[in-house]
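These notes are about the structure you will find just below.
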Amino acid sequence: AGVTLIEMVKKMDAGGMIAKTSIPILDEDNAGSLFEKLAIVARDLLLESLPQYLLGNLKPVAQDETKVTFSPNISPEEEKIDWTKSARDIFNHIRSLAPHPVAHTFLNGARFKIEAVEIVEKNTVSTDNIPKPGEIVEKTKKRLLVATKNGFVSLKVVQPQGKPQMSIESYLNGLGQKVKVGDCFDPK
């Protein structure tokens with residue numbers, strides 16, 4: 001992920017580039033933590049580059065308008081979790097929408113938001129059959145494991161419809177007591 005300082009012009013994202021930098025996106029990042037990191041990177045880049053730009057030591061580089069893309073708003077449909085995707089894709093989808101607007105699925109017909117998950121390797125899960133994507137394959141007091149196309153995710157932070165956000169442990173000690181292995185999150 002990166003930050004670019006550009007000259008402001010009337011056209012959207014069309015000004016010359018003055019300076020740019022990037023940082024890696026780590027597995028522990030979500031949209032919120034990445035935003036915070038990029039804000040600090042932007043501040044530092046601005047403090048470093050602005051004096052040089054004002055002195056005329058940095059010359060703007062024109063942007064290639066053929067590579068400019070428009071980023072539309074996220075639709076409610078794009079917030080839905082598609083359990084038929086890979087564990088990595090679902091992990092990335094969920095963290096890309098956290099802390100807002102938050103990815104969701106449905107459990108027993110009710111919207112169920114999921115803010116954080118962890119990928120679980122297949123060989124650490126014991127199942128007697130091949131689970132369907134979205135199927136709950138393991139439930140303990142501290143873990144709810146869900147099957148994906150090619151692996152599993154362990155839910156970490158959830159928000160059942162009409163309830164506040166909570167850790168999976170809190171959910172399993174309360175409302176989640178009714179959930180059982182074999183229950184399935186609706187893919188649509």
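Counting from 1, the numbers follow the sequence of the chain as shown. The structure presented is a predicted model; accordingly, all values stated were derived computationally and were not measured.
Looking at Asn150, its side chain does come within 3.5 Å of a backbone N or O of Ala87 through a donor-acceptor pair. No side-chain donor-acceptor contact under 3.5 Å links Glu36 to the backbone of Ser33. Although no hydrogens or angles enter the test, the distance criterion places no donor-acceptor pair under 3.5 Å between the side chain of Thr148 and the main chain of Pro133. The main-chain N or O of Lys80 is found under 3.5 Å from a side-chain atom of His93 such that the two form a donor-acceptor pair. Using a distance-only test at 3.5 Å, with no hydrogens or angles considered, no donor-acceptor pair links the side chain of Ser22 to the main chain of Gly2.
What you find for Ile90 and Lys85 is that their closest heavy atoms are CD1-O, 3.7 Å. Considering every non-hydrogen atom in both Pro131 and Phe152, the closest pair reads CG-CE2, 4.0 Å. Pro76 and His104 make their closest contact through O-CE1, 3.7 Å (heavy atoms, listed as atom of the first residue, atom of the second, distance).
We find the CD1-CD1 distance between Ile114 and Ile94 to be 5.0 Å, quoted to the nearest 0.5 Å. A distance of 7.5 Å separates OG of Ser154 from CD1 of Ile168, quoted to the nearest 0.5 Å. Between atom CG of residue Leu34 and atom CD of residue Glu28 there is a gap of 11.5 Å, rounded to the nearest 0.5 Å. Atoms OG1 and NZ, from Thr4 and Lys20 in turn, are 6.0 Å apart once rounded to the nearest 0.5 Å. The NZ atom of Lys139 sits 12.0 Å away from atom CG of Leu155, with the distance rounded to the nearest 0.5 Å. Note that CD1 of Ile136 is 8.0 Å distant from SG of Cys184, once rounded to the nearest 0.5 Å.
Taking Glu7 as the reference, Tyr53 meet the side-chain hydrogen bond (donor to acceptor under 3.5 Å, both in side chains) condition, with sequence neighbours excluded. The ring pair (Phe, Tyr, Trp, His ring centres under 6.0 Å) test applied to Tyr171 returns Phe112, not counting sequence neighbours. Not counting sequence neighbours, the partners of Lys37 by the salt bridge (charged side-chain N to carboxylate O under 4.0 Å, His left out) test are Asp29. For Gln161, the side-chain contact (heavy atoms from CB on, under 4.5 Å) partners two or more places apart in sequence, or in a different chain, are Ala110, Arg111. The side-chain hydrogen bond (donor to acceptor under 3.5 Å, both in side chains) test applied to Asn173 returns no partner, not counting sequence neighbours. Under the side-chain contact (heavy atoms from CB on, under 4.5 Å) criterion, Gln159 pairs with Lys113, Gln165, sequence neighbours left out.
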> Can you list the steps and then say if Val153 with Val120 is a side chain to side chain contact (heavy atoms under 4.5 Å, CB included)?
Replying inline: CA-CA 5 Å; Val153 292; Val120 177; over 6 Å; no
>> Walk me through whether Leu97 and Val102 qualify under side chain to side chain contact (heavy atoms under 4.5 Å, CB included).
In response: CA-CA 5 Å; Leu97 295 170; Val102 183; 5.6 Å; no
> Could you go step by step and tell me if Ile81 and Phe185 meet the side chain to side chain contact (heavy atoms under 4.5 Å, CB included) rule?
Replying inline: CA-CA 9 Å; Ile81 298 168; Phe185 286 102; over 6 Å; no
>> Set out, in order, the CA-CA distance, both residues' side-chain angles and the distance that settles side chain to side chain contact (heavy atoms under 4.5 Å, CB included) for Leu107 and Val179, then state yes or no.
In response: CA-CA 9 Å; Leu107 183 61; Val179 174; 3.9 Å; yes
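Under the 4.5 Å side-chain contact rule for hydrophobic residues, Ile23 and Ile25 share a cluster.
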Kindly list each side-chain donor-acceptor pair under 3.5 angstrom involving residues 42-52, sequence neighbours excluded, with atom names and distances?
from  : atom 1 : to    : atom 2 : distance (Å)
Ser49 : OG     : Leu45 : O      : 2.9
Gln52 : OE1    : Asn57 : ND2    : 2.8

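When hydrophobic residues (I, L, V, M, F, W, Y) are linked wherever their side-chain heavy atoms come within less than 4.5 Å, the members clustered with Ile6 are Met17, Val61. Within the hydrophobic cluster formed by Ile, Leu, Val, Met, Phe, Trp and Tyr side chains joined at under 4.5 Å, directly or through other members, Val157 stands alone, with no partner residue. Through ILVMFWY side-chain contacts below 4.5 Å, Val9 is grouped with nothing and stands alone.
The one candidate from Glu118, Arg143, Glu115 that meets the side-chain contact (heavy atoms from CB on, under 4.5 Å) condition with Lys156 is Glu118.
Screening residues 159-183 for salt bridge (Lys or Arg N to Asp or Glu O under 4.0 Å), with sequence neighbours left out, gives Lys180-Asp183. Under the salt bridge (Lys or Arg N to Asp or Glu O under 4.0 Å) criterion, the residue pairs touching residues 56-71 are Lys11-Glu65, with sequence neighbours excluded.
Put simply, the side chain of Glu135 does not reach to within 4.5 Å of the side chain of Val146, judged on heavy atoms.
Salt bridge present: Asp27 and Arg88 bring a charged side-chain N and a carboxylate O closer than 4.0 Å.
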